[in-house]
Amino acid sequence: MNRIILGRTGLEVSVLGLGAGGDSRLGAGRIAEADSLRLVHAAIERGVSFIDTAEAYGTEALLGKALREVPRERVVLSTKKTTRLDAPVRPEDVVSSLHASLERLGTDHVDVYHLHGVLPHHYADLRERIVPVLLRLREQGKIRFLGITEAFAADPSHAMLEQALRDDFWDVVMVGFNLLNQSARTSVFPLTRAKNVGTLIMFAVRRALSRPERLRELLADLAERGKVSPELAAEGLDGLLEGEDISSLPDAAYRFCRDEPGAHVILSGTSSVAHLLENARSIDAPPLAARARERLIEAFARVDDVSGH
Ligand SMILES: NC(=O)c1ccc[n+]([C@@H]2O[C@H](COP(=O)([O-])OP(=O)(O)OC[C@H]3O[C@@H](n4cnc5c(N)ncnc54)[C@H](OP(=O)(O)O)[C@@H]3O)[C@@H](O)[C@H]2O)c1
């Protein structure tokens, strides 16, 4: 499995990260627990060393169980504190949430602890009241690195991360990026690259790039709003990927993200060992041809308001 240094954390991690959130969430309770545990073990055996979860996903305890027999240093663990609550998050809630996450995960520290799905208008308040708590928890050794994740569906043009990246607290950010909405290339990656912030890519495939009917609907909507050409909406992505040695659209989608300068870990959320192994092959596959990449960049250059969900 290809590996990479996660920016200024200095951690060496697999380029493919296992996401324990999203629609598939380690099976999302739709598969037997033994199969969810097998999925985590299959990922680790295949070389995945970065795993992302969150208190909101309900998958921390399952991961804790799966990781019980795995040496702690084999996996870089990332989890998150929910921030989109009815009332503002209180500092004491962050401390108790982290302790509960550590308990469920069966560890005494997380490698990356994020504020989860932060909306642009919540950032200033979290920065003032919550970041000092995170820094204290880091001093106590319970968190190694601080992270922040955007709410990509609600904030597809990255207004929150543009604010957050002016500050110097964040060692890692999680950003929505895929071949349909590539706006992070101009608004986020120049900032993360300048500060050597680790970047985790979410939504590489999501619904639109794994379900043909959802892609057709999305392209029709984008064409109607003048964001992509009517020809693209009529023909789909086949023409843009013509001549490419790809096994599927998810294959092209994960490789497109992996090839982006500034992208470190590409997260994949799946409920299927077969998909996980396919995605690992994608991450290890050669780059897409420069011509195809240019066509994809050009075709979606005006899109910055959809997530691909
Ligand atoms: N704001 C946040 O902090 C935030 C928000 C969203 C996600 N995340 C993190 O990012 C991770 C990744 O996000 P995501 O769940 O959107 O992941 P994703 O990898 O973009 O998309 C996952 C979807 O694609 C399907 N899929 C995966 N591999 C496939 C393949 N080879 N062929 C066909 N379909 C395939 C999965 O279905 P199958 O189960 O059938 O494989 C699943 O429905 C999450 O797990 C979570 O850790 C964070």
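Both ligands and their constituent atoms are indexed starting at 1 by order of listing. On a predicted model such as this, the values are computed, not experimentally measured, just so you know. No hydrogens, no waters, no symmetry mates; every other heavy atom, side chains included, goes into these values.
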So that I can tick it off, tell me whether Asp125 and Arg129 are bridged by a salt bridge, with the cut-off set at under 4.0 angstrom between side-chain N and carboxylate O. yes
For residues 107-118, which side-chain N or O atoms pair as donor and acceptor with protein atoms under 3.5 Å away, sequence neighbours left out?
| unit_1 | atom_1 | unit_2 | atom_2 | d |
| --- | --- | --- | --- | --- |
| Thr107 | OG1 | Arg72 | NE | 2.8 |
| Thr107 | OG1 | His109 | N | 3.4 |
| Thr107 | OG1 | His109 | O | 3.1 |
| His109 | NE2 | Arg72 | NH2 | 3.4 |
| Asp111 | OD1 | Arg144 | NH1 | 3.1 |
| Asp111 | OD2 | Arg72 | NH1 | 3.3 |
| Asp111 | OD2 | Arg72 | NH2 | 3.0 |
| Asp111 | OD2 | Leu77 | N | 2.7 |
| His114 | ND1 | Ile148 | N | 3.4 |
| His114 | NE2 | Ser78 | OG | 3.0 |

Geometric cation-pi criterion Arg206 and Phe203, 6.0 Å radius, 45° cone: yes
Show which side-chain atoms of residues 229-238 pair as donor or acceptor with protein atoms under 3.5 Å away, not counting sequence neighbours.
| unit_1 | atom_1 | unit_2 | atom_2 | d |
| --- | --- | --- | --- | --- |
| Ser229 | OG | Glu231 | OE1 | 3.4 |
| Ser229 | OG | Leu232 | N | 3.1 |

Mind jotting down which protein residues get a heavy-atom contact under 4.0 Å with ligand 1? Chain and number order, please. Gly19, Ala20, Gly21, Gly22, Ser24, Asp52, Tyr57, Lys80, His116, Thr149, Glu150, Met174, Met202, Phe203, Ala204, Val205, Arg206, Ser210, Pro250, Tyr254, Leu267, Ser268, Gly269, Thr270, Ser271, His275, Glu278, Asn279
Is the closest basic N to carboxylate O distance between Lys80 and Asp52 below 4.0 Å? yes
Within residues 151-162 or reaching into it, pairs that qualify as salt bridge (Lys or Arg N to Asp or Glu O under 4.0 Å) - sequence neighbours excluded: none
